Number of protein chains: 2
Amino acid sequence: MNAKPRLSLLADRLLGDLRPRAKSLIVTVYGDAIGPHGGTVWLGNLIGLMEGLGLSERMVRTAVFRLIKDEWLQATPIGRRSTYGLTETGWRRFEAAYRRIYAPIDIAWDGDWHLVLILASSLSAERRDELKRELAWQGFGQVGPNLLAHPNADAQELTATLGQLKMIDDVVVMKSRHVRPSQGKALKELVRESWDLDGLSKGYEGFLARFKPVQEQLKMGEATDPATAFKLRMLMLHDFRRVLLRDPLLPGELLPEKWAGSRARQMCKDIYVRLHTGAEAQLMGGLANAEGPLPPLHPSYFTRFGGFGI
Amino acid sequence: MNAKPRLSLLADRLLGDLRPRAKSLIVTVYGDAIGPHGGTVWLGNLIGLMEGLGLSERMVRTAVFRLIKDEWLQATPIGRRSTYGLTETGWRRFEAAYRRIYAPIDIAWDGDWHLVLILASSLSAERRDELKRELAWQGFGQVGPNLLAHPNADAQELTATLGQLKMIDDVVVMKSRHVRPSQGKALKELVRESWDLDGLSKGYEGFLARFKPVQEQLKMGEATDPATAFKLRMLMLHDFRRVLLRDPLLPGELLPEKWAGSRARQMCKDIYVRLHTGAEAQLMGGLANAEGPLPPLHPSYFTRFGGFGI
């Protein structure tokens, strides 16, 4: 068969549809793929790797230059060449951004909510909006004009944000639990009012529609060449993350039945696992750093998506 | 000294200032004074007792007739006369209304709040207002347009009210506790925003100003005749209750320092105890029911205001 394999065609089409920005794609490649192998490669290796993802050498050099300026990456000159690796800040940022991507499929819930009551009189409208915007990024839903709620908030992140905004004395943070006579029915209504689950569901359905053909092809047993496997994995994470950014990751008890987000995560994990061997071959085949070939995968890699055996 | 004693003059002036309504004064007399002695007296006795409180025989007969219609009182004909006593409903209502009056001075708080989140889409504006009004009577403060809060709510009363209003599925009831990074400072601000403590404080200051002269006179050792003692006690409870009705009874941690409500309750208890002997003499001196003189005080009487020894 001389025709291009179907998965390769799918990868080309997805690249054209998604058109990821160079900087964010390079961050994904570093965090997801290079990170578990130590986090550092020669610039030439990176350029080669990104070429398969549609980035020219010039585009990679420009993006890397900016990522160094933004403290994501650092260069280490060795002779006349340089290796490029994630900075400590870069690691931290990637962890924060991707923790939600690699989260387990079923998120445990202890039944507690974090509530943030905004004291009406102590903040201007602008400052209130600033707070609501910041906490919306952390998945907080707006229950009322001055009340934000989250069933699975990250307490440390919340405290850090309130501290940075200097708003600790302008809100009351509470841990809450619904009690009799309230039933699950009212809670689901609360969720429906406080988060745009319809919009989020549409986002996930789009992701599912785009990557369903990839999953089907893989299930049918089509072998992927390493370059295509790597390309599909990066594009999938990029697309999944775009939707996930707006997802408060509510516990299953509070979500509609057959929630698109759960199906999307399930599919993402399945494709990720099926692409593993190919994508790893791509990484281990050509990449190196100053010490030689990349070190083997860090064990934490296998805890992604709640853990998977290969 | 032939001049009228000062306490008697004070009682006359307070009666003129307060002008209690006949029905509510008779309920107070029954619940506070006759109740601990079995709850039933001859109508003639009641008429005599109320005369000292400025009510004519006709006014008492009219009020009692209405109180029977409203199921507060019931008449028991014995020969050609009748005794009048609290009905079971009347007892229950009095207990509910006066529980807060006889509450201990320091209200214990476990740090938990009851929150009632009103689901915005499921209730009309009228129904929402109805709910807010009902829960305001139970002391709930309005934290936001659709959020009511109470640090010491009566869970049973709340559940009963939501059931009666058929609003169980239109709200989410939560038990909440403030957590880091929130401090007491923000909580006090929340309280200031959610309850009209200034208005309440003014009410208590008025009560304090009206009854301070009585307390001073009693402390100076002026003896009271039984009729005046009884009159002062009924007027004081009537006045105290009027302010207390609007009091959410917040725990001390959440109140301003030297809170007028605490001073008022302290004064009320002090005067109540000082008037005890005189007021009891008035009750035991002339009152009777079908079995003869009234039975002695029920022990629960001495647990009022957190308990007092005589």
Side-chain angles (χ1 to χ4, degrees), chain A residues 111-123 128 131-132 141-151 153-194 254, chain B residues 111-123 128 131-132 141-151 153-194 254:
Chain A
D112 277 347
W113 295 73
H114 264 97
L115 299 183
V116 178
L117 281 66
I118 306 172
L119 297 172
S121 62
S122 62
L123 289 177
R128 280 203 295 275
L131 176 61
K132 288 177 196 173
Q142 188 160 341
V143 175
N146 290 323
L147 177 63
L148 307 172
H150 199 311
D154 183 321
Q156 280 193 322
E157 203 179 349
L158 173 63
T159 299
T161 302
L162 292 173
Q164 277 154 21
L165 294 173
K166 299 196 193 309
M167 290 190 189
I168 285 178
D169 285 335
D170 304 309
V171 301
V172 174
V173 180
M174 289 190 166
K175 272 207 120 177
S176 302
R177 176 178 283 271
H178 84 278
V179 291
R180 273 181 35 81
S182 281
Q183 314 281 340
K185 194 180 159 190
L187 273 187
K188 284 209 175 182
E189 177 57 27
L190 178 77
V191 166
R192 214 185 56 74
E193 283 182 7
S194 310
L254 299 175
Chain B
D112 277 347
W113 294 73
H114 263 97
L115 299 183
V116 178
L117 282 66
I118 306 172
L119 297 172
S121 62
S122 63
L123 288 178
R128 281 203 295 276
L131 176 61
K132 288 177 196 172
Q142 186 159 343
V143 174
N146 290 322
L147 179 62
L148 308 172
H150 199 311
D154 182 322
Q156 282 194 321
E157 202 179 349
L158 173 61
T159 298
T161 301
L162 292 173
Q164 277 154 21
L165 294 172
K166 299 196 192 311
M167 290 190 190
I168 285 177
D169 285 335
D170 305 310
V171 301
V172 174
V173 180
M174 289 190 164
K175 271 207 121 176
S176 303
R177 175 179 284 270
H178 84 278
V179 291
R180 273 182 33 83
S182 281
Q183 314 280 341
K185 192 179 161 193
L187 273 187
K188 285 210 175 181
E189 177 58 26
L190 178 76
V191 165
R192 214 184 56 75
E193 283 182 8
S194 309
L254 300 174

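Below, read A as the first sequence line, B as the second, and so on, with proteins coming before strands; counting in each chain starts at 1. In this text the structure is predicted, and so the values were computed from the model without any measurement.
For A:L115, the part lying near chain B is the side chain, with the backbone staying farther off; criterion is any non-hydrogen pair under 4.5 Å. Only the side chain of B:L162 comes within contact range of chain A, judged by heavy atoms closer than 4.5 Å. For chain B, the nearby part of A:V143 is the side chain; its heavy atoms alone come within less than 4.5 Å. Of the two parts of B:D169, the backbone and the side chain both hold a non-hydrogen atom closer than 4.5 Å to a non-hydrogen atom of chain A.
Counting heavy-atom pairs closer than 4.5 Å to chain B, the top-ranked of the candidates A:N146, A:L190, A:V171 is A:L190. Between chain A and the residues B:A155, B:G144, B:A120, the most heavy-atom pairs under 4.5 angstrom are made by B:A120.
Residues satisfying the side chain to side chain contact (heavy atoms under 4.5 Å, CB included) criterion with B:S122, sequence neighbours excluded, are B:L119, B:D170.
Residues of residues 175-188 of chain A that come within less than 4.5 angstrom of chain B, heavy atom to heavy atom, are A:K175, A:S176, A:R177, A:H178, A:V179, A:R180, A:P181, A:S182, A:Q183, A:K185, A:A186, A:L187 in numerical order.
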